[in-house]
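The structure appears right after this line, and notes come after that.
Fair warning: this is a prediction, and the values are worked out from it, not measured in the lab. Protein chains get the first letters and strands the later ones, always in sequence-line order, with residue 1 at the start of each.
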Amino acid sequence: MTDIFNNLSLGFSVALTMMNLFYALVGALLGTLIGVLPGIGPLATIAMLLPFTFNLPAVSALIMLAGIYYGAQYGGSTTSILVNLPGEAASVITCLDGYAMARQGRAGPALAVSALGSFFAGCSATVLIALFAPPLSELALQFSAVEYFSLMALGLVAAVVLAHGSLLKAIAMVFLGLFLGLVGADVNSGLLRFTFGIYELSDGIGVVVIAMGLFGFSEIINNLERRETRVVLHAKVQKWMPSRDDFRASWKAVLRGTTLGSFLGILPGGGAMISSFASYTLEKRLAVDPSRFGKGAIEGVAGPESANNAGAQTSFIPLLTLGIPPNAVMALMLGAMMIQGIAPGPQVMVERPELFWGVIASMWVGNLMLVVLNLPLIGIWIHLLSVPYRLLYPAILMFCCIGVYSLNHMALDVALTAVFGLLGYVFIRLDCEPAPLLLGFILGPLMEENLRRALLLSRGDPTVFFARPISLGMILLSGLLLLLIIIPAARRKREEVYRKE
Amino acid sequence: MPIKIRSPKDLYAGLLFLFFGVLAMGMARNYPMGSAVRMGPGYFPSILGGCLTVLGMAITARSLWLVGGKIKPPVMRPLLLVLGAVFAFSFLIEAQGLLMALLALIAVSSLASWEFQFREVIFLYLLLAALSVGVFFYFLGLPFKVWPI
């Protein structure tokens, strides 16, 4: 127990320096901003800002980027409730009951409950990370290449299972990502692979290039196809405080949402979005009168909003302890760590405790800032929503282009991003979800390296993956997950969770 | 009996994956394979390419009997103009500097919107150009070429 206090106090001593407070605030505000604005998510924003974090110390960079992710969860609910548009993918479900509440003149309580629920979830998730990260990374320190390979395979399988749409296509996307990850010089032999003789590709394709193309550009193009219709509910938000009945109705939903979200966040493939969907389904199932849902049931706001924030934060656990990103946003965070010269993995906690605990402590600080700032600032956010998209997207494009270019000062990177933008657009049209591709892309080189090492140790015997208990367990779990999805009942369930979109 | 495509989305997705799979396998043949103990640079890509090819074939084949949705036809204007604007930026940034590259980026991409207004775009350009030169060039000190000459 004293360990945890020592660790947390080390963390707070890092997080509470002026500079890191500043970056936590910047991250949280920026996250809220892009959470509020529909059509630009945390993934694209983090990709956009990655290049500009070069010059920052590693801790500050990670603190800011983390702030963007959980800040977006706060901001997303605002747009969902007031405009009936998801500001952010994880808030899709909040539209249903949040907007219904706003139409009944109860926007204030809806916003307040979602902010307070998120804050509770954020605090709980921070404690969870502090409790579970050290034992997990201790376990992971004993992993050899064999376990790592199986773990990554498990991560990819889970990402596939939790992705929506066709299973087969999601698997293919993972493989395509793994393949793209291999472009560039081979680590062992130095041989240039799949570069088509282009010198600029010898270091591989940048994470930022792929992420910005697939998630940023293709999203902008898609948004431009729709003519925009935005009706901001201009009824003044008068009454903020939720009534006593509101509290009574929502505290259990907040608790359940937090628990569910924390659990789903840790799972590979999990994160904010699936957490909010699952929580809504759960609340509806447990409700005495499920017909209230969709007509302004406060549980339908409190549960998912707590769940997505909890899920956003606990998804840092696998990243920080195992070095395995559970979802696409974490894959980018891993990219950020590598840009900073930190090899992600269990050794981070031992070698850079100030980094590890500093980031965790900053999450609590950031959550506090968000809950204090969010409600008073809602007026400003609503104003921002009235900035038309036609002025917004050229600015977003500008940040993207300058960001990509400043990475390596290679104009080719910018053109390549456009190519991935096109590819991302095609993928969306063909119902192929791009998130598994990004995960595969990040894990590709790591998997090859670990497979090499594992088979070198076992003298080429592939059964080594089944001979070690931890590795066997992970492979069995992957198989089980795949089996589950093939069973019709579970398959229906998975589709049901996503149908609400 | 004529072959009937029931799911065009699956057909094209499958062909796309098939293309990448065959590409990966084909190119990996030029790299030393090695053995399982000492893997060469061609080993892992060959496995990946093989899996991708099989998956691509499966998805393509599936399109013949699994009924799927139609592909929404692409709207060419935003697609071409946004991507074109980015390409223009990448061509101009080194030759003509940041200001010209941004002019091309913002002017071309703005045309993609349904509500293009000339005066608004000029204003937007001036604002964004000033902002980016101020922030990136002066404040962050990124070594950009700013002016055309």
Side-chain angles (χ1 to χ4, degrees), chain A residues 52 55 166 168-169 171-173 175-176 178-179 182 186 188-189 191 193-194 217 220-225 227 388-391 393-395 397-402 405-406 409 411-415 417-418 421-422 425-427 429-432 444 447-448 451-452 455-456 459-462, chain B residues 9-10 12-13 16-17 20 24 27-28 31-32 35-41 44-45 48-49 51-52 55-56 58-59 62 68-69 71-72 74-75 78-79 82-83 85-87 89-91 93-94 98 101-102 105-106 109-110 112-116 120-121 124 128 132 136 140 142-144:
Chain A
F52 304 118
N55 307 334
S166 145
L168 221 48
K169 283 188 200 166
I171 299 175
M173 288 297 269
F175 274 101
L176 187 54
L178 288 169
F179 166 61
L182 298 183
D186 172 40
N188 282 24
S189 61
L191 183 82
R193 292 188 289 185
F194 309 107
F217 287 2
I220 291 178
I221 298 170
N222 261 307
N223 287 335
L224 283 173
E225 288 189 355
R227 293 179 189 231
Y389 194 64
R390 65 171 187 275
L391 296 180
Y393 77 84
L397 277 176
M398 177 191 88
F399 277 103
C400 289
C401 287
I402 294 182
Y405 178 68
S406 66
H409 288 270
L412 187 84
D413 274 349
V414 183
T417 313
L422 177 65
Y425 179 84
V426 173
F427 283 144
R429 275 300 143 101
L430 300 178
D431 280 347
C432 300
M447 277 189 100
E448 181 183 29
L451 181 65
R452 258 185 192 156
L455 288 185
L456 186 67
R459 307 214 171 94
D461 178 12
Chain B
K9 278 181 184 170
D10 278 355
Y12 290 109
L16 191 67
F17 292 129
F20 279 110
M27 289 183 76
Y31 311 136
S35 62
V37 187
R38 293 201 176 278
M39 268 184 227
F44 194 57
L48 288 185
C51 294
L52 204 51
L55 284 165
I59 295 170
R62 194 174 70 169
I71 301 174
K72 218 169 80 188
V75 184
L79 180 66
V82 169
L83 294 181
V86 176
F87 276 120
F89 180 92
S90 81
F91 282 121
I93 182 76
E94 269 160 17
L98 185 64
L102 278 184
L105 178 75
I106 290 165
S109 69
S110 292
S113 164
W114 305 101
E115 310 150 304
F116 174 79
E120 209 176 63
V121 173
L124 184 68
L128 289 178
S132 59
F136 300 119
L140 289 177
L142 299 177
F144 281 131

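Between chain A and the residues Gly56(B), Gly49(B), Ser113(B), Pro41(B), the largest count of heavy-atom pairs under 4.5 Å involves Pro41(B). Highest contact tally toward chain B, considering only Asp461(A), Ile402(A), Leu391(A), is held by Ile402(A) [criterion: heavy-atom pairs under 4.5 Å]. Each of Ser189(A), Gly460(A), Gly421(A) has some count of heavy-atom pairs under 4.5 Å with chain B, and the biggest count is that of Gly460(A). Contact count versus chain B (heavy atoms, under 4.5 Å) is highest, among Met173(A), Met447(A), Glu448(A), for Glu448(A). Taking Phe399(A), Tyr393(A), Phe427(A), Phe179(A) one by one and counting their heavy-atom pairs under 4.5 Å with chain B, the maximum is reached by Tyr393(A). When the candidates Pro32(B), Pro74(B), Ala58(B) are compared by the number of heavy-atom contacts under 4.5 Å with chain A, Pro74(B) comes out ahead. Note on Ala101(B), Pro78(B), Ser35(B): by heavy-atom pairs under 4.5 Å with chain A, the leading option is Pro78(B).
When heavy atoms are compared at a cutoff of 4.5 Å, Leu48(B) approaches chain A by way of both its backbone and its side chain. With a 4.5 Å cut-off on non-hydrogen atoms, Leu79(B) touches chain A through its backbone and its side chain both. Proximity to chain B is limited to the side chain of Cys432(A), based on heavy atoms less than 4.5 angstrom apart. In this structure, the portion of Leu191(A) lying under 4.5 Å from any heavy atom of chain B is its side chain and not its backbone. Contact annotation for Tyr405(A): only side-chain heavy atoms (C-beta onward) come within less than 4.5 Å of a heavy atom of chain B. Interface remark: Ser109(B) contributes backbone and side-chain atoms alike to the contact with chain A (heavy atom separation under 4.5 Å). Using a 4.5 Å cut-off between heavy atoms, Leu178(A) touches chain B through backbone and side chain atoms alike. Using a 4.5 Å cut-off between heavy atoms, Tyr425(A) touches chain B through its side chain atoms alone.
In this structure the side chain of Leu102(B) reaches within 4.5 angstrom of the side chain of Ser132(B), judged on heavy atoms. For the pair Ile171(A) and Leu55(B), the minimum side-chain heavy-atom distance is below 4.5 Å. Using a 4.5 Å cut-off on side-chain heavy atoms (C-beta onward), Leu397(A) and Phe217(A) make contact. Between Phe44(B) and Tyr31(B) the shortest side-chain heavy-atom distance does not fall below 4.5 Å.
Relative orientation of the His409(A) and Phe144(B) rings is tilted, given thresholds of 30° and 60° on the angle between their planes.
Partners of Ile71(B) according to the side chain to side chain contact (heavy atoms under 4.5 Å, CB included) rule, which considers only residues two or more places apart in sequence or in another chain, are Arg429(A), Leu430(A), Pro8(B), Lys9(B), Tyr12(B). By the side chain to side chain contact (heavy atoms under 4.5 Å, CB included) test, Ala395(A) is found to be paired with Leu128(B), residues two or more places apart in sequence or in another chain being considered.
Residues Phe194(A) and Ala28(B) approach most closely at CE2-N, 4.2 Å, considering heavy atoms.
Two rings, from Phe175(A) and Phe17(B), have their centers 6.0 Å or more apart.
In summary, the side chains of Asn223(A) and Tyr389(A) do present a donor paired with an acceptor at a separation below 3.5 Å, with no hydrogens or angles considered.
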